[in-house]
2 protein chains.
Amino acid sequence: MNSEDALSQEEETLTIAQMAERTGLSADALRYYEKAGLIEPVGRSAGNQRRYAATDLDWVEFVLRLRATGMSIADMQRFARLRTAGQTTVADRLAFLREHRSGLDERIRALQQNADALDKKIDHYERLLSPQPGTERT
Amino acid sequence: MNSEDALSQEEETLTIAQMAERTGLSADALRYYEKAGLIEPVGRSAGNQRRYAATDLDWVEFVLRLRATGMSIADMQRFARLRTAGQTTVADRLAFLREHRSGLDERIRALQQNADALDKKIDHYERLLSPQPGTERT
DNA sequence: CTAGAACTTGGAGTGCGCTCCAAGTCAAAC
DNA sequence: GTTTGACTTGGAGCGCACTCCAAGTTCTAG
């Protein structure tokens with residue numbers, strides 16, 4: 001019980017390669033996110049190499065959730081800026097997430113609807129292929 | 001009862017601008033789709049201007065459903081090529097749609113899961129903001 | 001018949017979200 | 001202390017799905 005999950009307090013930090021492996025992002029993408037302000041400047045080793053803490057991992061995982069739900073980098077930047085600005089922005093952040101959440105519901109509904117339409121098309125093709133309807137033997 | 005819905009047999013065809021309005025695609029995008037082979041070469045007026053028939057409209061609407069469910073243009077090209085190739089490809093088309101459909105299910109599930117996680121984050125922010133838990137009256 | 005709006009083509013340009021590269025520095029193992 | 005692999009930066013390049021543009025042609029209304 002050493003290296004999976006919650007980053008044991010002992011190991012403390014991750015290199016960019018370890019972070020990449022854990023998050024599924026490339027090292028390049030992690031640097032890009034940091035440069036873009038999605039991730040705030042991360043800790044560094046004596047020799048200036050990135051060292052990610054557990055809190056960084058949590059944040060990146062949250063960012064990935066926003067991304068997975070279709071949020072653009074520009075919008076994630078906005079949220080990250082609010083977060084960086086401190087607790088005075090909690091209400092703004094809540095509003096932001098609520099709005100994103102409701103857009104998400106809409107998108108899921110639309111997807112379901114399109115999935116249903118696809119099912120009909122699939123049925124159609126299945127009928128085209130099936131031997132003969134109502135004429136089992138001949 | 002003249003211009004909405006199913007393209008009355010009388011009017012017969014639509015100009016590219018009318019098609020754009022009906023589908024929500026831009027005229028440029030319609031030409032791009034045609035050039036890309038997503039739409040087969042559409043009918044032309046005497047003077048070489050595009051005239052879309054009802055069947056073209058149906059097909060574009062189907063293509064839009066594929067797009068809305070996340071299919072890339074390259075994949076839609078593949079499907080369009082199968083369609084153009086005739087009834088011998090019906091089984092292939094069915095397999096194609098089934099695969100797309102099952103990927104779609106996965107994506108919807110993932111989206112739901114992320115939505116749930118977002119709800120937790122929202123709850124978290126709500127608790128941060130709410131006056132005082134468990135101390136309704138002071 | 002004519003003016004002006006809508007259409008045609010080919011090709012260049014755009015925005016997004018990374019990815020790749022070069023040239024140099026740092027870290028870990030021996 | 002040296003090698004080898006991982007890391008650093010800045011910036012160029014890429015794939016996707018369009019969008020925009022220019023120069024010319026066609027359509028429609030009056």
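The aromatic rings of Phe62(B) and Phe79(B) lie tilted to each other, with the angle between the two planes from 30° to 60°.
Here the side chains of Val60(A) and Tyr52(A) are not in contact, with every heavy-atom distance at 4.5 Å or above.
Distances shorter than 4.0 Å separate none of the side-chain N or O atoms of Arg50(A) from OP1 or OP2 on dC7(D). Contact check, Arg31(A) against dA6(D): no side-chain N or O comes under 4.0 Å of OP1 or OP2.
The backbone N or O of Leu111(A) sits nowhere less than 3.5 Å from a side-chain atom of Asn114(A) that would complete a donor-acceptor pair. Of the possible donor and acceptor atoms, none in the side chain of Arg50(B) sits under 3.5 Å from a partner among the backbone N and O of Arg31(B). With hydrogens and angles ignored, the 3.5 Å screen pairs no side-chain donor or acceptor of Gln49(A) with any backbone N or O of Thr15(A). No donor-acceptor pair under 3.5 Å is formed between the side chain of Thr89(A) and the backbone N or O of Asp92(A). Checked by atom type and distance alone, the side chain of Arg51(A) never pairs as donor or acceptor with a backbone atom of Glu12(A) at under 3.5 Å.
Checked for salt-bridge contact, Lys120(B) and Asp123(B) miss the test: no charged N lies under 4.0 Å from a carboxylate O.
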Where do N or O atoms of nucleotides 1-5 of chain C meet protein N or O atoms at under 3.5 Å, pair by pair?
none

Which atom pairs link the protein and nucleotides 25-27 of chain D when you take only N or O atoms and keep those under 3.5 Å?
unit_1, atom_1, unit_2, atom_2, d
dC27(D), OP1, Ser45(B), OG, 2.8
dC27(D), OP1, Gly47(B), N, 2.8

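In this structure, Arg93(B) CZ and Thr88(B) OG1 are separated by 8.0 Å, a value rounded to the nearest 0.5 Å. Taking CE from Met71(A) and CG from Leu38(A), the interatomic distance works out to 10.5 Å, rounded to the nearest 0.5 Å.
At whole-Å resolution of the value, CG in Leu30(A) and C1' in dA6(D) are 15 Å apart.
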Per-nucleotide protein contact string for nucleotides 10-18 of chain C, where B marks a base within reach and S marks sugar-phosphate only (heavy atoms under 4.0 Å, - for neither) = -------BB
